[in-house]
**Student:** 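Mind looking over this structure? Questions follow.
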Amino acid sequence: MSGLIALVDCNNFYASCERLFDPTLRGKPVVVLSNNDGCAIARSNEAKALGIKMGDPWHLNRAAWRRQGVRVRSSNYTLYGDLSRRVMTVLGDFSPNVEVYSIDEAFLDLTGFEGWEEAHARQLRSRVLAWTGIPVSVGIAKTKTLAKAANHHAKRNAACAGVFMIKSEEARLEILGRLQLTDIWGIGDRLAYRLKAMGIESPVALAEADAETIRKTFSVVLERTARELKGEPCQELELVNPPSKSICASRSFGAEQTAFVPVSEAVATFVARASEKLRRQQLVAGTVSVFLETNTFKAVKQYHPWATVSLPVASADIRTLTTAAQNALRMIFKQGYRYKKAGVLLDDLSAAGCVQGDFWSEPDSPQSQALMRAMDRLNKVWGRGTVKTASCGTREAWRLRADLMSRRYTTRWDELLRVT
DNA sequence: TCTGGGGTCCTAGGACCC
DNA sequence: TCTGGGGTCCTAGGACCC
């Protein structure tokens, strides 16, 4: 009864944009790099064929790519944003109801085009190409999730010529049968792993699984995905985009940071950028958060503190926001130094065997004794009363231990790398 | 030396209240 | 030594997306 949904997706969008403005890139492997030229975030088909993956770091592959004749470009978001708007404008001619889902994707409501959806999509595709120069693929189906799957198929099979529509039950099962779990919209590595562990190894199996069980075992989100794979629409088109709930500005430092001043300066820059976005969207902020992140590529658990400051009056004023952010940053640094001192003691604790255990039921055990001593010392470092040894009953002790263990990672303070 | 920068939603668990 | 039930709100963390 209700109409079908089309997902229109620009092919290798950033790479296609670059080609538009530099025709010498046509037919060549093209890689677009992230900010600071860190890693690959877009690849032309030729680059994909060379085995270049999303996220491949530039500095590790520079020589190989040069050898392979890969053309590398720094990203230019102003350009991509502009081309995106042009594409979306053309799409508006093909349906009154368009949900702009991301910079390079849109869902179209095809109600009213019953019977000729596919022809409509082909016309759309050639017009977008003719008017903007951007190649797109179109997937058509009863639900958003299936439209995504259809698009995936259209993109990878030349015979589709860029458009694929799931017209029947047989087609639905056939398409799902060709996909992996992680090809499905909403299923990443972790969910796929957990699904497989419980015997659901393919999209078809997920579609056939009991929806209630999926919700209980996972979440309503995955339940919706499972239902949509069956052909039961659970996600409406969102035609107006609601105002942002958060605005974030962040960058990685090129090298490890340990001092307050450079971090503070970076925070000032990010506040300026974020408040600019805020004003452009005609919004005000009620809270300001600052977070820091140490190098997540290191094997040990990393430090990821954050602090939030509430504003008495919501604001988009850069001075107000800057003050709040600097206060938040100071809070983090203060804690960081405190934890750093405590870190030594925490290592003592773990050396004493206080890593896991039910030794609390034996107050005289060496571990319990060690913990008691450590708590005394923590009080000396953190200030009197921080840890209450006097009233340390079983339950309290457990809580304390959990708290200590959860702060272990804070000993990595000296490897601060990323700031927002 | 060198590994993106944005977002969203959901859930578990703790704090607090009656 | 034992120890309610139910509700709300908040936060941290996990998972996903492009």
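FYI, side chains are in, hydrogens and waters are out, and symmetry mates aren't considered; it's all heavy atoms of this structure. Computed from a predicted model, the values in this text were never measured in an experiment. Naming convention: chains lettered A, B, ... in sequence-line order (proteins, then strands); numbering from 1 in each chain.
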**Student:** Answer yes if the side chains of A:S74 and A:D37 hold a donor-acceptor pair under 3.5 Å, and no otherwise.
**Tutor:** yes

**Student:** May I have the distance from A:F291 (atom CZ) to C:dG13 (atom C1'), rounded to whole angstrom?
**Tutor:**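 Atom CZ in A:F291 sits about 14 Å away from atom C1' in C:dG13.
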
**Student:** Quick one: is A:K144 getting a side-chain N or O under 4.0 Å of the C:dC17 phosphate, OP1 or OP2?
**Tutor:** no

**Student:** Can you tell me how far P of B:dG4 sits from CZ of A:R251, to the nearest Å?
**Tutor:** 11 Å

**Student:** For A:E99 and A:F107, indicate whether the former's side chain and the latter's backbone hold a donor-acceptor pair under 3.5 Å.
**Tutor:** no

**Student:** Can you identify which nucleotide, out of B:dG6, B:dG4, B:dT8, has its nearest atom closest to the A:S250 side chain?
**Tutor:**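 Of B:dG6, B:dG4, B:dT8, B:dG6 is nearest to the side chain of A:S250.
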
**Student:** In residues 176-191 of chain A, which ones come under 4.0 Å of DNA chain C, going by heavy atoms?
**Tutor:** A:I184, A:W185, A:G186, A:I187, A:G188, A:D189, A:R190, A:L191

**Student:** Between A:S95 and A:N97, do the side chains contain an N or O donor and an N or O acceptor separated by less than 3.5 Å?
**Tutor:** no

**Student:** Filter on salt bridge (Lys or Arg N to Asp or Glu O under 4.0 Å), then keep only pairs touching residues 48-57 of chain A, sequence neighbours left out; what's left?
**Tutor:** none

**Student:** Base, sugar-phosphate, or nothing for A:Y101, non-hydrogen atoms under 4.0 angstrom?
**Tutor:** sugar-phosphate

**Student:** Closer than 4.0 Å, any side-chain N/O of A:S252 to the OP1 or OP2 of B:dG5?
**Tutor:**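 Looking at the OP1 and OP2 atoms of B:dG5, one of them is under 4.0 Å from a side-chain N or O of A:S252.
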
**Student:** Only Watson-Crick and G-U wobble pairs with both distances less than 3.5 Å should count. Give DNA chain B in dot-bracket notation, marking inter-strand partners with |.
**Tutor:** ....||||||||||||||

**Student:** Grab the CG-P distance between A:L33 and B:dC2 for me, whole Å please.
**Tutor:** 17 Å

**Student:** Under 3.5 Å, which donor-acceptor pairs link side chains of residues 182-199 of chain A to any protein atom two or more places apart or in another chain?
**Tutor:**
{"unit_1": "A:D183", "atom_1": "OD2", "unit_2": "A:Q180", "atom_2": "N", "d": "2.8"}
{"unit_1": "A:W185", "atom_1": "NE1", "unit_2": "A:Y101", "atom_2": "OH", "d": "3.3"}
{"unit_1": "A:R194", "atom_1": "NH2", "unit_2": "A:T217", "atom_2": "O", "d": "3.4"}

**Student:** Within the structure shown, what part of the strands sits under 4.0 Å from A:R224 by heavy-atom distance: base, sugar-phosphate, or nothing?
**Tutor:** sugar-phosphate

**Student:** Looking at A:Q281, I'd like to know if its CD atom is crowded, meaning that more than 12 non-hydrogen atoms belonging to other residues, nucleotides or ligands lie closer than 6.0 Å.
**Tutor:** yes

**Student:** Using the salt bridge (Lys or Arg N to Asp or Glu O under 4.0 Å) criterion, which residues pair with A:D9? Sequence neighbours excluded.
**Tutor:** A:K155

**Student:** In residues 201-220 of chain A, which ones come under 4.0 Å of DNA chain B, going by heavy atoms?
**Tutor:**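 Here the set is A:S219, A:V220.
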
**Student:** Does A:R178 have any salt bridge (Lys or Arg N to Asp or Glu O under 4.0 Å) partners at least two apart in sequence or in another chain, and if so, which?
**Tutor:** A:E174

**Student:** Does any N or O in the side chain of A:D317 come within less than 3.5 Å of the main-chain N or O of A:T320, such that one atom is a donor and the other an acceptor?
**Tutor:**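 Yes, because the side chain of A:D317 sits within donor-acceptor range (under 3.5 Å) of the backbone of A:T320.
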
**Student:** Determine whether a donor-acceptor pair (N or O, by modelled atom type, separation under 3.5 Å) exists between the side chain of A:T143 and the backbone of A:P233.
**Tutor:** no

**Student:** Between atom CD in A:E228 and atom P in C:dC16, what is the gap in whole Å?
**Tutor:**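 It is 17 Å, rounded to the nearest whole Å.
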
**Student:** Between B:dT3, C:dC18, B:dG6, which nucleotide gets closest to the side-chain atoms of A:K277?
**Tutor:**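 Taking heavy atoms from C-beta onward, the closest nucleotide is B:dG6.
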
**Student:** Side chain of A:S246 only, please: which of B:dT8, B:dG5, B:dG6 is the nearest?
**Tutor:** B:dT8

**Student:** Can any side-chain N or O of A:N76 pair as donor or acceptor with the backbone N or O of A:L79 at less than 3.5 Å?
**Tutor:**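 Judged by distance alone, yes, a pair lies under 3.5 Å.
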
**Student:** Produce the list of close N/O pairs, under 3.5 Å, pairing protein atoms with atoms of nucleotides 9-12 of chain C; give distances to one decimal.
**Tutor:**
{"unit_1": "C:dA12", "atom_1": "OP2", "unit_2": "A:W306", "atom_2": "NE1", "d": "3.2"}

**Student:** Short of 4.0 Å, heavy atom to strand atom, which residues of residues 39-49 of chain A count as contacting DNA chain C?
**Tutor:** none

**Student:** Can A:N151 and A:S137 be said to form a side chain to side chain donor-acceptor pair (under 3.5 Å), step by step?
**Tutor:** CA-CA 6 Å; A:N151 187 287; A:S137 301; 5.0 Å; no

**Student:** Quick check: on DNA chain B, is the nucleotide nearest A:Y14 upstream (toward 5') of the one nearest A:S244, or the reverse? Name the residue that is more 5'.
**Tutor:** A:Y14

**Student:** Give one of base, sugar-phosphate or nothing for A:D37, where a contact means two heavy atoms less than 4.0 Å apart.
**Tutor:**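 If one applies the 4.0 Å heavy-atom cut-off, A:D37 turns out to touch nothing in the nucleic acid.
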
**Student:** Can you list everything that forms a ring-ring contact (aromatic ring centres under 6.0 Å, His included) with A:H120? Sequence neighbours excluded, please.
**Tutor:**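 If we apply the ring-ring contact (aromatic ring centres under 6.0 Å, His included) test to A:H120, skipping adjacent residues, the hits are A:F94, A:F113, A:W116.
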
**Student:** Does anything in residues 199-236 of chain A pair up under ring-ring contact (aromatic ring centres under 6.0 Å, His included), and if so which pairs, sequence neighbours excluded?
**Tutor:**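 Residue pairs with at least one partner in residues 199-236 of chain A: there are none.
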
**Student:** Between atom CD in A:E238 and atom C1' in B:dG7, what is the gap in whole Å?
**Tutor:** 13 Å

**Student:** Nearest-Å distance, CD1 (A:I103) to P (B:dG4)?
**Tutor:** 19 Å

**Student:** Whole-Å distance between B:dC2 C1' and A:W65 CH2?
**Tutor:**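 The distance from CH2 of A:W65 to C1' of B:dC2 comes to 13 Å, rounded to the nearest Å.
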
**Student:** Quick check for you: to the nearest 0.5 Å, what is the distance between A:E201 atom CD and A:L206 atom CG?
**Tutor:**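 It comes to 12.5 Å.
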
**Student:** Is it the case that over 12 heavy atoms from other parts of the model lie below 6.0 angstrom from the CZ atom of A:R66?
**Tutor:**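 Counting neighbours around CZ of A:R66, 12 or fewer heavy atoms of other residues, nucleotides or ligands fall under 6.0 Å, so no.
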
**Student:** Distance check needed: B:dG5 P versus A:N36 CG, whole Å only.
**Tutor:** 6 Å

**Student:** Report the residues that fulfil salt bridge (Lys or Arg N to Asp or Glu O under 4.0 Å) with A:R85, sequence neighbours left out, ordered by chain and then residue number.
**Tutor:** none

